[in-house]
Amino acid sequence: MTKSKITQEENKLDSFFNQVYAVVRLIPKGRVTSYGAIAKYLGTAKSSRMVGWAMNGAHNVKPKVPAHRVVNRVGLLTGKHHFGDPKAMQLLLEKEGIKVKGDQIVKFKELFWDPMIELAM
DNA sequence: CGATTGACGTACG
DNA sequence: TCGTACGCCAATC
């Protein structure tokens, strides 16, 4: 196989994307986090966009990544359109006990799950 | 192969 | 305090 394939398959273990998936899977039920928090935890605070790109392939990864627990720093469901149905993301969050109002997570600051604090040390 | 976009965030004015 | 600009890295056009 040529390295041209690496762009799609990657090493599956060292790729930045997989690190994002790992952290997202660690998010407890009923809690949420932000792209920037994950990016910063991985040491790429300025590459928060890449976290979003990683989630873009989250649906193609197994086990499936709870991307619905990941929102932007404002607690806004920016990626709800990527779940197939825009209401799917909000529905999943509400199912876990998270209340969403106008595509925005209620008490986001309280429900915020920071990997740097929870996983650090 | 070069330019643009993209599930964000920080810096600067 | 609010608005605009830039960076980051990869994928897509």
Side-chain angles (χ1 to χ4, degrees):
Chain A
M1 58 175 72
T2 59
K3 48 189 167 187
S4 305
K5 278 289 189 60
I6 295 179
T7 45
Q8 295 182 45
E9 296 294 324
E10 285 287 347
N11 291 317
K12 285 279 185 73
L13 294 174
D14 297 73
S15 58
F16 172 78
F17 289 57
N18 191 7
Q19 296 184 69
V20 177
Y21 302 144
V23 176
V24 175
R25 288 194 208 112
L26 292 173
I27 301 173
K29 178 182 162 193
R31 299 294 288 277
V32 289
T33 190
S34 64
Y35 305 96
I38 298 171
K40 185 173 284 190
Y41 174 73
L42 297 176
T44 55
K46 292 177 180 146
S47 303
S48 48
R49 276 180 164 163
M50 300 301 88
V51 179
W53 266 118
M55 309 257 76
N56 198 340
H59 293 284
N60 196 17
V61 179
K62 296 175 293 268
K64 199 172 175 184
V65 180
H68 59 275
R69 293 178 188 160
V70 185
V71 293
N72 65 349
R73 76 165 189 90
V74 204
L76 196 68
L77 282 60
T78 50
K80 66 176 185 177
H81 282 281
H82 291 262
F83 280 80
D85 288 330
K87 59 181 184 292
M89 186 174 185
Q90 181 174 341
L91 196 65
L92 288 167
L93 290 171
E94 291 181 340
K95 185 181 289 184
E96 294 186 355
I98 301 174
K99 295 180 177 67
V100 180
K101 182 75 172 188
D103 298 339
Q104 187 176 357
I105 296 177
V106 182
K107 300 178 187 170
F108 170 70
K109 190 176 181 181
E110 297 179 26
L111 297 172
F112 186 72
W113 183 83
D114 192 341
M116 293 189 68
I117 296 179
E118 304 294 338
L119 302 178
M121 296 181 279

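Chain naming here is simple, since letters A, B, ... match the order of the sequence lines and numbering starts at 1 in each.
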Practice task
Between protein and nucleotides 8-13 of chain B, map the contacts as a letter string: B base, S sugar-phosphate only, - none, heavy atoms under 4.0 Å, written 5' to 3'.
Solution key: BS----

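Spacing of C1' atoms, dG3(C) relative to dA7(B), comes out at 23 Å, to the nearest Å.
Taking Asp114(A) as the reference, nothing meets the side-chain hydrogen bond (donor to acceptor under 3.5 Å, both in side chains) condition, with sequence neighbours excluded.
Although no hydrogens or angles enter the test, the distance criterion places a donor-acceptor pair under 3.5 Å between the side chain of Thr33(A) and the main chain of Trp113(A). Using modelled atom types, no side-chain atom of Tyr21(A) and backbone atom of Pro63(A) make a donor-acceptor pair closer than 3.5 Å. The backbone N or O of Ile27(A) sits less than 3.5 Å from a side-chain atom of Arg69(A), completing a donor-acceptor pair.
In this structure, His59(A) reaches the bases: a heavy-atom distance under 4.0 Å links it to at least one base atom across the strands shown.
Few gaps surround CZ on Arg31(A); more than 12 heavy atoms of other groups in view lie less than 6.0 Å from it.
Residue His82(A) contributes atom NE2, which lies 8 Å from atom C1' of dG6(B) at whole-angstrom precision. Rounded to an integer number of Å, the gap from Asn56(A) CG to dG6(B) P is 11 Å. One interatomic measurement links the two molecules: CZ of Phe16(A) to C1' of dC9(C), which rounds to 9 Å at whole-angstrom precision. Atom CE of Met50(A) is separated from atom P of dA11(C) by 9 Å (rounded to the nearest Å). If you measure from atom CZ of Phe17(A) to atom P of dA7(B), you get 13 Å, rounded to the nearest angstrom. The separation between His81(A) atom NE2 and dG6(B) atom P is 13 Å, rounded to whole Å. Between Gln19(A) atom CD and dA10(C) atom P the separation is 13 Å, expressed in whole Å. Straight-line distance from the CG atom of Leu42(A) to the C1' atom of dC9(C): 14 Å, rounded to whole Å.
Atom CG of Asp85(A) sits about 10.5 Å away from atom NE2 of His81(A), to the nearest 0.5 Å.
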